[in-house]
Amino acid sequence: MSAKCHLCLLGLIFLSSLLTGSSGMNETHVFISSGETVRLPCNNALPDCKSTTWNYNKNSAAAELIRLGEKKTDIESHERLSLGSDCSLNIKNVTKEGYGLYTCRQYVNESVQGPDARVFLHVLHVSSSSSQTDISAGRSVTLSCQLYSYSFAGVSCDELIRSERIELFWVNQTGVNLTISDSGYQAPTSRLCIITLTTTLLNEDHNRERRCEVTHRNQVKTSASYTVKSSDMISWTAGSLFRVIVIIVEFAVFVAPTVILLQIVCAANKEKTLTTLEK
(Lines give C-alpha, C1' and ligand atoms only; values in the text may rest on other atoms or scores of the structure.)
Protein backbone atom coordinates (compact mmCIF):
# COMPACT_ATOMS: atom_id res chain seq x y z
CA MET A 1 0.00 0.00 0.00
CA SER A 2 1.41 3.41 -0.99
CA ALA A 3 2.33 6.14 1.50
CA LYS A 4 -0.51 8.24 0.10
CA CYS A 5 -3.05 5.52 0.88
CA HIS A 6 -1.63 5.16 4.39
CA LEU A 7 -2.13 8.88 4.94
CA CYS A 8 -5.72 8.69 3.66
CA LEU A 9 -6.47 5.78 5.98
CA LEU A 10 -4.99 7.59 8.96
CA GLY A 11 -7.01 10.66 8.10
CA LEU A 12 -10.24 8.67 7.95
CA ILE A 13 -9.48 7.01 11.29
CA PHE A 14 -8.79 10.40 12.88
CA LEU A 15 -11.98 11.88 11.41
CA SER A 16 -14.00 8.92 12.65
CA SER A 17 -12.61 9.28 16.15
CA LEU A 18 -13.51 12.96 16.23
CA LEU A 19 -17.03 12.45 14.98
CA THR A 20 -17.92 9.40 17.07
CA GLY A 21 -16.32 10.51 20.29
CA SER A 22 -14.03 7.51 20.55
CA SER A 23 -11.32 9.90 21.74
CA GLY A 24 -12.90 9.68 25.20
CA MET A 25 -14.65 13.03 25.02
CA ASN A 26 -18.35 13.56 25.64
CA GLU A 27 -19.77 15.04 22.42
CA THR A 28 -23.19 16.48 21.59
CA HIS A 29 -24.56 18.04 18.41
CA VAL A 30 -27.09 20.85 18.87
CA PHE A 31 -29.06 22.40 16.00
CA ILE A 32 -30.79 25.78 16.18
CA SER A 33 -32.28 28.34 13.81
CA SER A 34 -30.71 31.79 13.81
CA GLY A 35 -32.53 34.27 16.05
CA GLU A 36 -33.62 31.67 18.60
CA THR A 37 -32.41 30.86 22.14
CA VAL A 38 -30.35 27.71 22.61
CA ARG A 39 -29.29 25.64 25.61
CA LEU A 40 -25.95 23.84 25.42
CA PRO A 41 -25.73 20.96 27.93
CA CYS A 42 -22.71 20.44 30.19
CA ASN A 43 -22.63 16.66 30.58
CA ASN A 44 -19.65 16.60 32.93
CA ALA A 45 -20.93 19.21 35.42
CA LEU A 46 -20.18 19.11 39.14
CA PRO A 47 -22.94 20.07 41.65
CA ASP A 48 -22.49 23.82 42.22
CA CYS A 49 -21.08 24.98 38.83
CA LYS A 50 -18.29 26.92 40.59
CA SER A 51 -15.79 24.67 38.87
CA THR A 52 -17.39 25.09 35.42
CA THR A 53 -15.60 26.85 32.58
CA TRP A 54 -17.06 27.24 29.08
CA ASN A 55 -14.73 27.80 26.12
CA TYR A 56 -15.70 28.66 22.54
CA ASN A 57 -13.75 27.79 19.43
CA LYS A 58 -14.37 28.66 15.78
CA ASN A 59 -11.82 28.53 13.01
CA SER A 60 -9.03 27.90 15.53
CA ALA A 61 -9.84 31.13 17.43
CA ALA A 62 -10.60 30.24 21.07
CA ALA A 63 -12.36 32.40 23.66
CA GLU A 64 -13.30 31.88 27.30
CA LEU A 65 -17.00 32.61 27.93
CA ILE A 66 -17.52 31.36 31.50
CA ARG A 67 -14.73 31.00 34.04
CA LEU A 68 -15.33 29.03 37.25
CA GLY A 69 -19.07 29.73 37.13
CA GLU A 70 -18.72 33.46 36.39
CA LYS A 71 -19.57 35.06 33.05
CA LYS A 72 -16.78 36.95 31.32
CA THR A 73 -17.81 40.53 30.54
CA ASP A 74 -15.01 41.42 28.15
CA ILE A 75 -16.48 39.50 25.23
CA GLU A 76 -18.84 40.92 22.62
CA SER A 77 -21.71 38.47 23.21
CA HIS A 78 -21.65 38.48 27.03
CA GLU A 79 -25.11 40.11 27.34
CA ARG A 80 -26.68 37.19 25.47
CA LEU A 81 -25.01 34.52 27.63
CA SER A 82 -26.13 32.98 30.92
CA LEU A 83 -25.23 29.93 32.98
CA GLY A 84 -28.08 27.55 33.85
CA SER A 85 -28.57 25.94 37.25
CA ASP A 86 -27.35 22.67 35.70
CA CYS A 87 -24.22 24.45 34.37
CA SER A 88 -25.61 24.53 30.84
CA LEU A 89 -24.75 27.51 28.63
CA ASN A 90 -27.73 29.53 27.40
CA ILE A 91 -27.37 31.82 24.38
CA LYS A 92 -30.10 34.28 23.39
CA ASN A 93 -30.73 35.40 19.82
CA VAL A 94 -28.19 33.07 18.22
CA THR A 95 -26.62 34.51 15.09
CA LYS A 96 -25.31 32.54 12.13
CA GLU A 97 -21.81 33.56 13.27
CA GLY A 98 -22.44 31.83 16.62
CA TYR A 99 -21.83 28.34 15.29
CA GLY A 100 -18.79 26.46 16.54
CA LEU A 101 -17.36 24.19 19.21
CA TYR A 102 -18.35 24.92 22.82
CA THR A 103 -16.42 23.06 25.51
CA CYS A 104 -17.51 22.60 29.12
CA ARG A 105 -14.57 21.88 31.44
CA GLN A 106 -14.37 21.33 35.20
CA TYR A 107 -11.54 22.75 37.32
CA VAL A 108 -10.99 21.65 40.94
CA ASN A 109 -7.99 23.15 42.73
CA GLU A 110 -6.75 24.36 39.35
CA SER A 111 -6.72 20.78 38.04
CA VAL A 112 -8.94 19.56 35.20
CA GLN A 113 -11.47 17.01 36.41
CA GLY A 114 -12.63 14.34 33.98
CA PRO A 115 -12.96 14.58 30.20
CA ASP A 116 -14.28 17.70 28.46
CA ALA A 117 -17.92 17.86 27.40
CA ARG A 118 -17.91 19.16 23.82
CA VAL A 119 -20.97 20.66 22.14
CA PHE A 120 -21.02 21.29 18.39
CA LEU A 121 -23.51 24.08 17.68
CA HIS A 122 -24.94 24.08 14.15
CA VAL A 123 -26.91 27.19 13.11
CA LEU A 124 -29.50 27.08 10.33
CA HIS A 125 -30.10 30.33 8.44
CA VAL A 126 -32.36 31.24 5.50
CA SER A 127 -31.81 34.22 3.22
CA SER A 128 -33.16 35.57 -0.07
CA SER A 129 -31.38 36.54 -3.26
CA SER A 130 -33.58 39.66 -3.43
CA SER A 131 -34.49 42.31 -0.89
CA GLN A 132 -38.12 42.60 0.15
CA THR A 133 -38.47 45.82 -1.86
CA ASP A 134 -37.42 43.98 -5.05
CA ILE A 135 -39.91 41.12 -4.59
CA SER A 136 -43.14 41.28 -6.58
CA ALA A 137 -45.68 38.98 -8.18
CA GLY A 138 -44.44 37.30 -11.36
CA ARG A 139 -40.79 37.62 -10.42
CA SER A 140 -38.47 34.76 -9.58
CA VAL A 141 -36.84 34.60 -6.15
CA THR A 142 -34.13 32.23 -4.90
CA LEU A 143 -34.01 31.28 -1.23
CA SER A 144 -30.85 29.86 0.31
CA CYS A 145 -30.87 27.63 3.39
CA GLN A 146 -27.40 27.20 4.89
CA LEU A 147 -26.15 25.17 7.82
CA TYR A 148 -23.20 26.83 9.54
CA SER A 149 -21.05 24.16 11.18
CA TYR A 150 -17.66 24.00 12.89
CA SER A 151 -14.76 22.92 10.72
CA PHE A 152 -11.85 21.27 12.53
CA ALA A 153 -8.68 19.37 11.67
CA GLY A 154 -9.17 20.19 8.00
CA VAL A 155 -12.63 18.57 7.97
CA SER A 156 -14.95 20.52 5.66
CA CYS A 157 -18.60 21.21 6.37
CA ASP A 158 -19.63 18.82 3.59
CA GLU A 159 -17.47 16.03 5.06
CA LEU A 160 -18.96 16.61 8.51
CA ILE A 161 -22.52 16.52 7.18
CA ARG A 162 -21.84 13.34 5.21
CA SER A 163 -20.24 11.58 8.18
CA GLU A 164 -22.92 12.66 10.68
CA ARG A 165 -25.77 11.90 8.23
CA ILE A 166 -27.05 15.48 8.32
CA GLU A 167 -29.45 16.52 5.55
CA LEU A 168 -31.21 19.72 4.50
CA PHE A 169 -34.70 19.83 2.93
CA TRP A 170 -37.08 22.47 1.66
CA VAL A 171 -40.65 21.51 2.58
CA ASN A 172 -44.07 22.80 1.52
CA GLN A 173 -46.90 24.00 3.77
CA THR A 174 -47.82 20.42 4.70
CA GLY A 175 -44.25 19.41 5.55
CA VAL A 176 -43.65 17.36 2.37
CA ASN A 177 -40.14 17.56 0.90
CA LEU A 178 -39.81 19.59 -2.30
CA THR A 179 -37.62 17.54 -4.61
CA ILE A 180 -39.03 18.17 -8.09
CA SER A 181 -40.43 21.13 -10.00
CA ASP A 182 -44.02 21.64 -8.90
CA SER A 183 -46.45 24.57 -8.86
CA GLY A 184 -43.91 27.18 -9.85
CA TYR A 185 -41.03 25.68 -7.90
CA GLN A 186 -37.74 24.74 -9.47
CA ALA A 187 -36.04 21.67 -8.05
CA PRO A 188 -33.91 22.52 -4.99
CA THR A 189 -30.18 22.31 -5.54
CA SER A 190 -27.85 21.28 -2.73
CA ARG A 191 -24.16 21.30 -1.87
CA LEU A 192 -24.79 19.48 1.43
CA CYS A 193 -24.18 22.54 3.64
CA ILE A 194 -26.44 24.79 1.58
CA ILE A 195 -29.67 24.13 -0.31
CA THR A 196 -31.40 26.64 -2.60
CA LEU A 197 -34.97 26.91 -3.81
CA THR A 198 -36.22 29.04 -6.71
CA THR A 199 -39.89 29.93 -7.12
CA THR A 200 -41.98 32.31 -9.22
CA LEU A 201 -44.20 34.39 -6.96
CA LEU A 202 -47.95 34.79 -7.25
CA ASN A 203 -50.12 37.48 -5.63
CA GLU A 204 -51.34 34.97 -3.06
CA ASP A 205 -47.73 34.29 -2.02
CA HIS A 206 -47.67 37.50 0.03
CA ASN A 207 -47.01 36.58 3.69
CA ARG A 208 -46.54 32.91 2.73
CA GLU A 209 -43.82 31.08 4.63
CA ARG A 210 -41.13 28.91 3.05
CA ARG A 211 -39.49 26.47 5.44
CA CYS A 212 -36.18 24.59 5.45
CA GLU A 213 -35.57 21.62 7.77
CA VAL A 214 -32.40 19.92 8.95
CA THR A 215 -32.30 16.26 9.98
CA HIS A 216 -29.61 14.41 11.91
CA ARG A 217 -29.62 10.65 11.51
CA ASN A 218 -33.15 10.86 10.04
CA GLN A 219 -34.56 12.93 12.92
CA VAL A 220 -35.76 16.52 12.36
CA LYS A 221 -33.68 18.79 14.61
CA THR A 222 -34.76 22.30 13.69
CA SER A 223 -36.14 24.42 10.87
CA ALA A 224 -35.78 27.95 9.55
CA SER A 225 -38.31 29.89 7.53
CA TYR A 226 -38.54 32.89 5.24
CA THR A 227 -41.75 34.88 4.82
CA VAL A 228 -42.23 36.70 1.54
CA LYS A 229 -43.49 40.26 2.00
CA SER A 230 -43.81 42.35 -1.13
CA SER A 231 -44.76 46.03 -1.28
CA ASP A 232 -46.19 45.33 -4.74
CA MET A 233 -48.43 42.59 -3.33
CA ILE A 234 -49.38 44.79 -0.38
CA SER A 235 -50.32 47.60 -2.77
CA TRP A 236 -52.39 45.17 -4.84
CA THR A 237 -54.22 44.00 -1.72
CA ALA A 238 -54.76 47.56 -0.49
CA GLY A 239 -56.01 48.60 -3.93
CA SER A 240 -58.46 45.72 -4.04
CA LEU A 241 -59.76 46.63 -0.59
CA PHE A 242 -60.14 50.27 -1.65
CA ARG A 243 -62.15 49.26 -4.73
CA VAL A 244 -64.45 47.13 -2.58
CA ILE A 245 -65.02 50.06 -0.23
CA VAL A 246 -65.80 52.35 -3.17
CA ILE A 247 -68.33 49.87 -4.53
CA ILE A 248 -70.01 49.61 -1.12
CA VAL A 249 -70.16 53.39 -0.78
CA GLU A 250 -71.55 53.80 -4.30
CA PHE A 251 -74.13 51.12 -3.62
CA ALA A 252 -75.10 52.82 -0.37
CA VAL A 253 -75.38 56.22 -2.09
CA PHE A 254 -77.64 54.74 -4.75
CA VAL A 255 -79.78 52.61 -2.45
CA ALA A 256 -80.30 55.13 0.36
CA PRO A 257 -82.40 57.65 -1.68
CA THR A 258 -84.40 54.79 -3.17
CA VAL A 259 -85.23 53.42 0.28
CA ILE A 260 -86.22 56.88 1.53
CA LEU A 261 -88.44 57.43 -1.54
CA LEU A 262 -90.15 54.08 -0.99
CA GLN A 263 -90.75 54.95 2.64
CA ILE A 264 -92.36 58.27 1.60
CA VAL A 265 -94.58 56.56 -0.99
CA CYS A 266 -95.64 53.87 1.47
CA ALA A 267 -96.43 56.47 4.12
CA ALA A 268 -98.50 58.51 1.63
CA ASN A 269 -100.43 55.42 0.53
CA LYS A 270 -101.08 54.45 4.13
CA GLU A 271 -102.37 57.93 4.94
CA LYS A 272 -104.59 57.90 1.90
CA THR A 273 -106.02 54.53 2.87
CA LEU A 274 -106.81 55.72 6.43
CA THR A 275 -108.52 58.84 5.07
CA THR A 276 -110.70 56.73 2.77
CA LEU A 277 -111.75 54.44 5.63
CA GLU A 278 -112.69 57.35 7.87
CA LYS A 279 -115.06 58.66 5.24
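Rounding to the nearest 0.5 Å gives a distance of 6.5 Å between NZ of Lys92 and OG of Ser82. Here the straight-line distance linking atom CG of Leu168 with atom CG of Leu197 works out to 12.5 Å at 0.5 Å rounding. Residue His29 holds its NE2 atom at 5.0 Å from NE2 of His216, rounded to the nearest 0.5 Å. With rounding to the nearest 0.5 angstrom, the CZ atom of Arg39 is 12.0 Å from the CD1 atom of Ile91. Asn93 contributes atom CG, which lies 10.0 Å from atom CD of Glu36 (distance to the nearest 0.5 angstrom). Between the NZ atom of Lys71 and the OG atom of Ser77 there is a distance of 9.0 Å, given to the nearest 0.5 Å.
A donor-acceptor pair under 3.5 Å links the side-chain atoms of Trp170 to the main chain of Ile195, judged by distance alone. Judged by distance alone, with hydrogens and angles left aside, the side-chain atoms of Asn44 form a donor-acceptor pair with the main-chain N or O of Pro115 at under 3.5 Å. For Asp116 (side chain) and Arg118 (main-chain N/O), no donor-acceptor pair under 3.5 Å exists by modelled atom type.
Around CD of Glu70, the count of heavy atoms belonging to other residues, nucleotides or ligands within 6.0 Å does not exceed 12. For CZ of Arg67, the number of neighbouring non-hydrogen atoms (other residues, nucleotides, ligands) closer than 6.0 Å is 12 at most.
Under the 4.5 Å side-chain criterion, counting only non-hydrogen atoms from C-beta, Phe31 is not in contact with Val123. Looking at Leu89 and Cys104, their side chains never come closer than 4.5 Å, going by heavy atoms from C-beta outward. A heavy-atom distance below 4.5 Å is not found between the side chains of Val214 and Glu167. For the pair Val38 and Leu121, the minimum side-chain heavy-atom distance is below 4.5 Å. Within the 4.5 Å cutoff, no side-chain heavy atoms of Trp54 are placed close to those of Thr103.
With respect to the salt-bridge test (charged N to carboxylate O, under 4.0 angstrom), the residues Arg162 and Glu159 do not qualify.
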Would Leu68 and Thr53 count as a side-chain contact (heavy atoms from CB on, under 4.5 Å) here? Give the steps. CA-CA 5 Å; Leu68 300 178; Thr53 294; 4.1 Å; yes
Worked verdict on Thr142 versus Thr198 for side-chain hydrogen bond (donor to acceptor under 3.5 Å, both in side chains): CA-CA 4 Å; Thr142 298; Thr198 301; 3.0 Å; yes
Trace of the side-chain contact (heavy atoms from CB on, under 4.5 Å) decision for Asn90 with Ser88: CA-CA 6 Å; Asn90 302 310; Ser88 60; 3.9 Å; yes
Given salt bridge (Lys or Arg N to Asp or Glu O under 4.0 Å), test Glu213 with Arg211 step by step and report yes or no. CA-CA 7 Å; Glu213 290 183 346; Arg211 185 157 51 93; 2.6 Å; yes
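Aromatic rings of Tyr148 and His122 (six-membered ring for Trp) have centroids beyond the 6.0 Å cut-off, not under it.
For the two cysteine residues Cys87 and Cys49, the thiol sulfurs sit under 2.5 Å apart.
Taking every heavy atom of both residues into account, Val126 and Cys212 meet most closely at CG2-CB, 4.1 Å.
For the residue pair Ser144 and Ser127, no side-chain donor N or O sits within less than 3.5 Å of a side-chain acceptor on the partner. With 3.5 Å as the limit, one finds a donor-acceptor pair spanning the side chains of Gln106 and Thr52. Neither side chain, Asn109 nor Ser111, offers a donor N or O lying under 3.5 Å from an acceptor on the other. Inspection of the Tyr102 and Asn57 side chains reveals no N or O donor paired with an N or O acceptor under 3.5 Å.
Because its NZ or CZ atom is both nearer than 6.0 Å to the ring centre of Tyr99 and within 45° of the ring axis, Lys58 counts as a cation-pi partner of that residue.
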